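This structure is a prediction, so every number in the text was calculated from the model and none was measured. A, B, ... follow the sequence lines: proteins, then strands. Residue 1 opens every chain.
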Amino acid sequence: MILRAVEDADLITNARKGDVEAFNHLVSRWEKRVFNYLLRLTGRSEDSLDLSQDVFLKAYQNIRKLDDPTRFGPWIFRIAHNEACSMFRKHHLDTSGDAERAEREPAPGVSPEVSIAVNAAMARLTAEQREAVVLKVHEGFKFDEMAEILGCPVSTVKSRLYTALDLMKAELAPVSNRGMR
Amino acid sequence: MNAFEQGECEQSEALRDYAFDELSAAERVAMERHVAACAKCGAELQAIRMTTATLRSIPDREIPQRIAFVSDKLFEPSPMARFFHGLFTSPSRLGFAAACLLAAAIVFSAVQRPAEVRTVVATANAQDVAPLIEAAVQKAVAQIRAGDARVAKTALAAAEVQHRREHSALMVTMQENLDVMQKRMGAYTSLASLETTVGGGGQ
């Protein structure tokens with residue numbers, strides 16, 4: 001992890017000088033994470049891909065404004081968060097709960113029962129709660145990094161996450177317990 | 001009064017912070033001791049971990065299309081600029097380049113050394129040179145004078161021809177004028193004789 005952070009810093013330094021190849025290396029490291037973050041927010045693969053491209057384009061255009069290269073992760077996810085919010089506002093999408101999300105195709109390599117249960121549980125969360133769960137559980141960000149990404153205090157981030165956690169514990173208890181047996 | 005004080009330690013935020021590795025080292029040690037001794041907290045911690053494990057069991061999807069940027073000449077330094085930037089920002093590369101240049105200059109100089117040329121002037125004695133120079137100078141002077149003489153002769157001939165033409169033209173004009181005068185004299189003489197004849201007969 002430390003070695004990767006150093007290498008990212010070198011790539012960022014070169015990208016800031018206009019080295020497109022260095023930026024492409026950076027993109028190749030982060031594109032899958034950004035895409036999946038947006039996919040879990042939107043539930044739509046095509047929209048997530050379009051947003052991902054917009055995110056990295058904005059990142060390339062503003063790379064010189066990144067003061068601390070070690071904060072590239074929260075910085076790029078902050079851009080992704082803003083792009084997702086813009087898309088939701090533009091298309092007036094219902095972000096409070098997406099019934100279609102529960103009917104999404106089960107993830108490959110995972111029990112259909114678990115996949116459906118997780119999709120259904122996530123669909124019952126608010127957009128803010130869902131985002132907090134994705135950033136903490138799937139992306140592994142710390143609370144201070146999540147606060148930077150979401151533009152809100154750490155206490156707010158915790159409140160959203162722990163409320164979502166209580167809801168999901170109840171929803172996923174049956175499949176979770178079955179998995180333990 | 002917090003959850004611990006209320007006897008609802010399993011609902012405490014600290015336990016959840018511990019579950020998500022957000023406690024400091026000291027806080028983590030204290031929580032581990034508590035969880036080991038508290039069945040409720042142990043069970044709650046287990047439930048949290050199972051829930052997060054179930055969520056994480058859904059793998060990431062592969063991105064359908066890789067994202068890549070094409071270099072834009074407007075924003076990217078030219079290959080030459082990048083080469084020189086890399087050269088001048090690295091002392092070792094600069095030193096190596098300087099050493100290569102020096103070696104190339106030495107080899108080039110050795111290969112391109114001009115061959116020795118022998119000339120008559122280089123091997124002739126000083127005593128033999130003076131008469132040769134004198135003869136060459138006199139020859140050149142004679143040639144120049146001959147050239148000047150030819151030019152002068154040609155100019156003189158042209159002037160003589162022009163003079164003769166003018167003289168001839170003048171003689172012709174003078175002859176014509178003389179003829180005119182003779183005719184007038186003849187006319188006056190005839191007139192005078194006629195007047196004499198007429199005056200003598202009247203007496």
### Task
Quick one: pull up CD1 in B:Ile63 and NZ in A:Lys32 and give me the separation to the nearest 0.5 Å.
10.0 Å
### Query
Between B:Arg61 (side chain) and A:Asn36 (backbone), is there a donor-acceptor pair under 3.5 Å?
no
### Message
Could you check whether any side-chain N or O of A:Lys142 sits under 3.5 Å from a backbone N or O of B:Asp21, counting only pairs where one atom can act as donor and the other as acceptor?
### Response
yes
### Task
Identify which of A:Lys136, A:Gln53, A:Arg33 forms the greatest number of heavy-atom pairs closer than 4.5 Å to chain B.
A:Lys136
### Task
For A:Lys169, look at atom NZ and say whether over 12 heavy atoms of other residues, nucleotides or ligands are found less than 6.0 Å away.
yes
### Message
Can you tell whether the side chains of A:Asp166 and B:Arg16 come within less than 4.0 Å, N to carboxylate O?
### Response
yes
### Greatest number of heavy atom pairs closer than 4.5 Å to chain A - which of B:Thr54, B:Thr51, B:Asp60
B:Asp60
### Query
Could you walk me through whether A:Phe143 and B:Asp17 pass the side-chain contact (heavy atoms from CB on, under 4.5 Å) check?
CA-CA 10 Å; A:Phe143 284 136; B:Asp17 288 349; 3.8 Å; yes
### Query
Do you know which two heavy atoms are closest between B:Ser57 and A:Val114, and how far apart they sit?
OG-CG1, 3.7 Å
### Summary
Between the CG atom in A:Leu57 and the CD1 atom in B:Ile67, the distance rounded to the nearest 0.5 Å is 10.0 Å
### Task
Can you tell which part of A:Phe56 gets under 4.5 Å to a heavy atom of chain B, answering side chain, backbone, both or neither?
both
#### Entry: Distance, nearest 0.5 Å, that separates CZ of B:Phe20 from OH of A:Tyr162
6.0 Å
### Query
Side chain, backbone, both or neither: which part of A:Val34 has an atom under 4.5 Å from a heavy atom of chain B?
neither
### Task
Counting only heavy atoms closer than 4.5 Å, note whether A:Val118 contacts chain B via side chain, backbone, both or neither.
side chain
#### Entry: Toward chain B, the part of A:Ser52 with a non-hydrogen atom under 4.5 Å
both
### Query
Based on non-hydrogen pairs under 4.5 Å, which of A:Lys158, A:Glu46, A:Met168 is most in contact with chain B?
A:Lys158
### Query
Do side-chain atoms of B:Gln65 reach the backbone of A:Leu49 as a donor and acceptor pair under 3.5 angstrom?
no
